[in-house]
Amino acid sequence: MSASPAVVMRLVASAYCVAERAGSIVRKVLHSGDLGIVEKAGANDLQTLADRLAQQSICASLYRRFPKITIIGEEELPFEEVKDDLIENGQAEEILQKSCPAEYSGLKEEELVVWVDPLDGTKEYTEASRCLHHQAEVQKPHKVLDTSPPHSTALWLLDNVTVLIGIAYGGRAIAGVINQPFYNYQLGAGADLGRTMWGMLGLGAFGFQLQEVPGDRRIVTTTRSHSNKVVTDCVDAMEPHEVIRVGGAGNKIIQLVEGKASAYVFASPGCKKWDTCAPEAILHVVGGKLTDIHGNAYRYDANVKHMNSAGVLATLRNHEYYVSRVPQSVLQALKSD
């Protein structure tokens with residue numbers, strides 16, 4: 001290993017540890033029972049204390065070590081001093097020891113844009129919290145928040161929750177870190193919760209086992225809470241054998257790379273750049289593709305608009321097939337940028 005790893009490798013190594021710290025914050029707030037929920041734009045667009053604290057932790061930690069990078073986070077938060085216990089100074093040694101792809105070895109901090117979703121799947125997070133704390137009330141006087149089955153079918157919503165940190169250069173998503181704070185929740189009390197996966201173009205993807213849906217099956221994953229006729233028409237046009245409706249863009253991309261779904265189809269402008277930057281980078285590393293519903297790539301420059309106005313279409317394989325199936329009515333409803 002060189003004496004001084006490339007800037008982008010140090011940034012990814014920091015983002016890995018920062019995402020894990022954010023995941024622990026998300027777990028801690030859930031178990032406290034005090035989510036501090038604020039409606040940003042209605043009941044399907046919520047912000048919790050976990051969103052706020054996790055974003056403060058991520059941004060302050062990364063800025064402290066990389067003051068010249070640009071960070072764009074989902075939550076619009078007022079400036080305030082961040083408490084020391086939110087700062088993560090660690091860097092993943094396993095990442096620092098890897099060789100940086102030559103094309104990124106000379107990148108400077110000011111050339112990198114970091115897109116942050118501190119808690120992707122907030123709606124599902126709040127629903128799971130209500131379920132857990134109702135359970136605790138029922139179980140008095142013990143008041144133990146036991147996440148083991150079969151107490152409630154709502155606990156599967158914890159799978160939907162992720163922390164997303166994407167890194168872009170030249171408008172392209174080149175690296176991403178995804179933390180799943182509640183991974184392994186099914187194992188119940190005492191389980192070691194959470195996992196972190198990451199990937200970088202030209203280097204590889206780590207933290208998960210790549211799997212594919214059998215070639216003769218089309219399984220589409222789509223939105224759980226933001227559906228409408230355009231979304232449904234687009235999903236139906238894919239002629240899927242099965243449709244999975246779940247929350248969180250990060251969660252849907254995980255489904256693609258772990259063989260649970262063939263395509264993520266979302267014909268709506270509801271998704272933002274911080275939802276897709278990290279997942280797109282990891283998906284591209286393993287040969288997948290993420291575009292708008294027209295098949296056009298999104299850009300992640302610092303000055304682009306945040307909304308993915310023309311929807312999201314992501315696949316691990318056979319992307320052109322799914323693009324070709326999008327109905328003309330859907331293409332007209334969602335104009336490409």
### Query
If you round to the nearest 0.5 Å, how far is CG of L119 from CG of L164?
9.0 Å

### Task
Sort out for me which residue in I95, L107, V114 forms a side chain to side chain contact (heavy atoms under 4.5 Å, CB included) with L11.
V114

### Query
Between H31 and F182, what is the ring plane arrangement, given parallel below 30°, perpendicular above 60°, and tilted in between?
tilted

### Query
Side chains of V8 and Y169: does their closest heavy-atom pair fall under 4.5 Å?
no

### Query
Backbone N or O of A310 within a donor-acceptor pair of the Y298 side chain at under 3.5 Å?
yes

### Message
Over 60° means perpendicular and under 30° means parallel, so tell me whether W115 and H306 are parallel, tilted or perpendicular.
### Response
perpendicular

### Minimal non-hydrogen separation, P118 against V26, with atom names
O-CG2, 4.2 Å

### Message
Between R10 and Q91, is there a side-chain donor-acceptor contact under 3.5 Å, judged purely by atom types and distance?
### Response
no

### Query
Does Q55 use its side chain to pair, donor to acceptor, with the backbone of E74 at less than 3.5 Å?
yes

### Query
Does a donor on one side chain and an acceptor on the other come within less than 3.5 Å for E75 and Q47?
yes

### Query
R217 and E212: salt bridge (charged side-chain N to carboxylate O under 4.0 Å, His left out), yes or no, with the steps?
CA-CA 10 Å; R217 297 279 294 169; E212 297 185 35; over 6 Å; no

### Task
Would you give the length of the straight line joining atom CG of L30 to atom CG of L49, rounded to the nearest 0.5 angstrom?
11.5 Å

### Task
For L86 and I25, run side-chain contact (heavy atoms from CB on, under 4.5 Å): C-alpha distance rounded to whole Å, both residues' side-chain angles, the deciding distance at 0.1 Å, then the answer.
CA-CA 9 Å; L86 292 179; I25 292 169; 3.7 Å; yes

### Query
Taking all non-hydrogen atoms of both residues, which atom of V18 and which atom of L62 are closest, and how far apart?
CG2-CD2, 4.0 Å

### Message
Would you say T162 and N179 are linked by a side-chain donor-acceptor pair, where the criterion is simply a distance under 3.5 Å?
### Response
no

### Task
Check step by step if side-chain contact (heavy atoms from CB on, under 4.5 Å) holds for F66 and L112.
CA-CA 10 Å; F66 307 96; L112 299 168; over 6 Å; no

### Query
Got a second to check how far F206's CZ is from I282's CD1, nearest 0.5 Å?
11.0 Å

### Message
Less than 4.5 Å apart, side chain to side chain, heavy atoms only: is that true for I69 and E110?
### Response
no

### Path from V161 to Y183 over hydrophobic side-chain contacts below 4.5 Å
no

### Task
Walk me through it: do I87 and N89 pass the test side-chain contact (heavy atoms from CB on, under 4.5 Å)?
CA-CA 6 Å; I87 301 296; N89 293 311; 3.6 Å; yes

### Message
Tell me whether T221 contacts the main-chain N or O of Y264 through its side chain, where contact means a donor paired with an acceptor under 3.5 Å.
### Response
no

## Note on the structure
For M238 and Y321, the nearest pair of non-hydrogen atoms, with its separation, is O-OH, 3.4 Å

### Query
Does the pair E88 and R21 meet the rule for a salt bridge (charged side-chain N to carboxylate O under 4.0 Å, His left out), with working shown?
CA-CA 7 Å; E88 174 57 60; R21 170 65 68 98; 3.2 Å; yes

### Query
Does the side chain of K272 pick up a donor-acceptor pair with the side chain of N308 at under 3.5 Å?
no

### Message
Can you tell me if D85 has over 12 outside heavy atoms packed within less than 6.0 Å of its CG?
### Response
yes

### Query
Without hydrogens or angle criteria, can the side chains of S309 and K305 be said to hold a donor-acceptor pair below 3.5 Å?
yes

### Summary
Nearest heavy-atom approach of D120 to G250 is OD2-N, 2.8 Å

#### Entry: Nearest-0.5 Å distance, CD1 of residue I72 to CG of residue D117
13.0 Å

### Message
Is there a side-chain contact between M9 and L203 in this structure, where contact means two heavy atoms from C-beta onward sitting under 4.5 Å apart?
### Response
yes

### Summary
Closest non-hydrogen contact found for P327 with A237 is CG-CB, 3.6 Å

### Task
Find out whether the Lys NZ or Arg CZ of K289 is both under 6.0 angstrom from the six-membered ring centre of Y322 and within 45° of the ring's axis.
no

### Query
Are more than 12 heavy atoms from other residues, nucleotides or ligands located less than 6.0 Å from atom CZ of R172?
no

### Query
Less than 4.5 Å apart, any side-chain heavy atom of D275 and any of V312?
no

### Task
Output the distance between atom CD (E280) and atom CG (L290), rounded to the nearest 0.5 Å.
4.5 Å

### Query
Taking atom types as modelled and ignoring hydrogens, do the side chains of T276 and Y300 form a donor-acceptor contact shorter than 3.5 angstrom?
yes

### Task
Check S262 against L256 and note the closest heavy-atom contact, atom names and distance.
C-CD2, 3.5 Å

#### Entry: From OG1 (T48) to CG (D34), nearest 0.5 Å
10.0 Å

### Stepwise side-chain hydrogen bond (donor to acceptor under 3.5 Å, both in side chains) check, S268 with N228
CA-CA 8 Å; S268 169; N228 55 41; 4.6 Å; no

